[in-house]
Amino acid sequence: MIGDEDEPLLMSAAQQLPGRLVVQFDFLMPGELPSVVVTNAAQNYGTLAAFQTNEYLGNGGAACSEPVTNPTPCTAATFLTMLETGIYPLGHDSTLRSQYIEVFHANATAFPASAQQAHLELTCDYQLSLGGQAFAYAGGTGTITITTGANCPWSVGTLPSWITLTSPSSGVGPGTVTYQVAPSSMIVSASDLSGSFTIGDQSFTVEQEGGCCSSVIGWMPHLAAGGGWTTTFTVVNKSSTAGVANTSFFAPGGASLALPLLVPQQPSIAGAVLASTIDQPIPANGLLVLEATGASTGAYSEGSALLGGKGTDLDGFAIFHYGPTQQEAVVPMGSLSTLGPGNPPYVVAFDNTNGVLTGVAVENTNATASFPVIIRDDQGNILRTTSISLPTFGHTSFVLSTMFPQTANIRGTVEFDNPPGDPVFQIAALGIRYTGGTTTTIPALPKLGKPAGSMAHLAAGNGWQTTFVLVNQGTGASNITLNFYDDNGSPLSLPLTFPQGGAPVTTPSLNQSIAPGASLWVQVADGDTLETGSAQLSATSNVGGFAIFRYNPNGQEAVVPLENRGAGAYLIAYDNTANTATGIALANASGAPANIPVTLRDEAGNLLGTSSIALNGNGHSSFILSGLFPQSATNRGAVEFDAPAGGTISVLGIRSPPALTFTTLPALAK
Amino acid sequence: MRAVARLTLMLLAASSFAAAQSTDIRGIYLYTNDVSQITAGTTNALTTSLNVTGVDGIAIVVGWDAIEPSMGQFQWALLDQWIHTAISGGKKIDLAVPAGDSTPPWLFQPAPVGAGATPLNFTVSPHAGSTGVCQSETIAAPWDSAFLGQWDAMLGALSAHLKSAGTYNAITLVRITGINRTTEELRLPAETAASTGLACVSNSLQTWQAAGYRPSLLLQGWNAVVGSFTKSFPDKTFVVSIIPNDAFPGINESGLLITG
């Protein structure tokens, strides 16, 4: 180590001169590491490291190593080697890349070609159009565009054996590199492949899916990328076995859709990876994050995604984000594991009154088919029956009132059925509610509703407002009871209004009858005092639903799904990076008090902490996750809430970015 | 609170860095000895090297005694000449004004011709004695208030001159100097006859002990030096040259020699 003696002085100067101090010292000998002090100064204060590439010996001239009594003479080769060492002091680690080199003047004269090369290496910036590309097992060709100065040389480093270069391996100035990836059946291993090579000082990663064994886990019926949109996919491994997640993207016509993907958990992949399908390892109990960005042209792309996996229990969701307004909405994953076997149609409840618009996205998860569509008003009357044809893996999205004008200015439901007699689970759907510039997901309700459920959170008063939406999915009238409870589990009397008509009422328990196919909208009025708690539903036949809570000062909304899965545990995947906070609401849907175990893990599946939350019977708690677990601040991971023996809980996650455009995080059943 | 403080620090670092980065410091800089001491042949060689394709800049090293031969009387001609040579060649400039053995004698003379600093006399040998050369020098302790006051005044005059000459903006980097031995590197005499194997080398440790050397006093002086640089060159990127080992006398905070 060198420079440690200077630690107090160096660190003091670095603190006084953040970002504008260059630390200069003699060249590094082979195997010699820079001081930890220098490294820390670089990382904490933006200090740059610089290197003197030769030892000046006064009247004796210059040498290329100590001791001065027996120095290595400088030659062009040793000079260049030292320059390389100086440029990349930490094995090409760009965080300490030297951008400033001091050379004894005689060396510059003696080795002008080396000096020129070093100059170019120091001052040339290289940018690749992508950080990498992923291929399906069939392989394919790829193109990389190199952006650099006109006189800057570049070359392609050693390629993995399964990649063949189909363009010149070096050049000067801006250029293009093309390559071919062999089909995985032509190579020895059928497992996933990953490799990288360098161009200039940049690294490019290529991944290729192995030839077998990925099984379908679920579908996300919408994605948007480009034109200001990004979609972030979060995949959670619910098992204690590491696995591989396969995410594939499809254009509306069903063809593979190649998207630039950022992999924030892999800093080694510097830029976006272009992929229409990508395999990524996912650790036991960990999670995987992929961000689909726009094409380099800035063009807008939309479509759908399919999640597959190998040898593990995966679940997940997507969040699409519109940069100009910072609005976000979640795309829950439709899956056989969460819905159970069968052939469930989806129902999207809509409210197109008062200027609200409803967007709908539908994905065909199987072979080409025509899907029946039934539109009902909020009384259950059928307004229209029609169908939507979609090719294999096809996708469509539309504004409901544009596609079906009879839905304008009313409330109701739109039902997407599977083709008659088709035994295969085939359609996935999503609703999006647009209210005055804000965006909220409306969960598509599988027509497998149950006669009971709970909603983990309600908020009313002091700017907050909650609207409950219940849809009768049975064939006969259903009598429903909606009970409200405060945080302590006591009945909570709320002032209710009925947008569909009816006198306001203040009550802790609402009893209503809903006609078959009809929907009920119940609003809790905003008041002076904030009330929080939860709600529980019971009905005489299958009812689906959700709640929307809204913060009136900024119009932001988030949805609370009706929890009726009865799972033994629920996971909330959180991402507290980039100053984002995660809110949690937890409700005990049983009458008995419960102590609810909570387990926190990071994105690698490592256990960060455990706790428990005591709730009264029917009690409720809401909190910021980093308040309960400070170790969750600034990182990603998953928090698990276990239902007590014989009890039932419901959980809700809320993602709150700095712009306060909060979004629901779906609770993943474990 | 700690997180907030760290965030603030990072933001400060980012904003200062952005300002300093308005000038691209990257490149190959030529180095030679104090330009006031080099021969005509070396001057010609340096000028020739400056024209080599690929060379981006020059470290102009000029001793304190060369630019301020008398207290408050400055000679800028040599420095200006090298600065103009660099500018005319389109080269970046890393400016270094070392003290150490370039400390002007007047610093130790009494008023009114001098600043009255306490002289500390050493005989040192570059490269830990391996060259066999001994060299005497007189420097001030880094915490000597007379030295610090004159150093601060010199930097102020240097900055003012560069601005008045219209060359301030041509300075890419400024070397933080003032605590030096025989070069612009951050170091002090720390050798002895035993450590170098040369009888001509004085016992630096004994001299420093007699002067009351403490690591905390060194840091105090260093912070004052850094403060003077940032005051006179508030928008520049700085360089500090460090050396691997034995940069400072092995004396602890109790004034005792560090052994082992």
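Reminder, nothing fancy here: chain letters follow the sequence lines and each chain counts from 1.
In this structure, the side chain of A:Arg20 does not engage the main chain of B:Phe238 through any donor-acceptor pair within 3.5 Å.
Looking at B:Ala45, both its backbone and its side chain come within 4.5 Å of chain A, counting heavy atoms on both sides. Of the two parts of B:Ile176, only the side chain, counted from C-beta on, holds a non-hydrogen atom closer than 4.5 Å to a non-hydrogen atom of chain A. For chain A, the nearby parts of B:Asn223 are the backbone and the side chain; heavy atoms of each come within less than 4.5 Å. Contact annotation for B:Arg187: neither backbone nor side-chain heavy atoms come within less than 4.5 Å of a heavy atom of chain A. Both the backbone and the side chain of B:Thr53 come within contact range of chain A, with heavy atoms under 4.5 Å apart. Proximity to chain A is absent for every atom of B:Ile179, based on heavy atoms less than 4.5 angstrom apart. Contact annotation for B:Val240: both backbone and side-chain heavy atoms come within less than 4.5 Å of a heavy atom of chain A. Only the backbone of B:Pro234 comes within contact range of chain A, with at least one heavy atom under 4.5 Å from a heavy atom of that chain. Neither the backbone nor the side chain of B:Asn51 comes within less than 4.5 Å of any heavy atom of chain A.
When all heavy atoms are compared, the tightest approach of B:Arg26 to A:Asp125 is NH1-OD1, 2.8 Å. Here the closest heavy-atom approach between residue B:Leu219 and residue A:Ser12 is recorded as CD1-CB, 4.0 Å.
Between the side chains of B:Thr48 and A:Thr109, no donor-acceptor pair is found at a separation under 3.5 Å.
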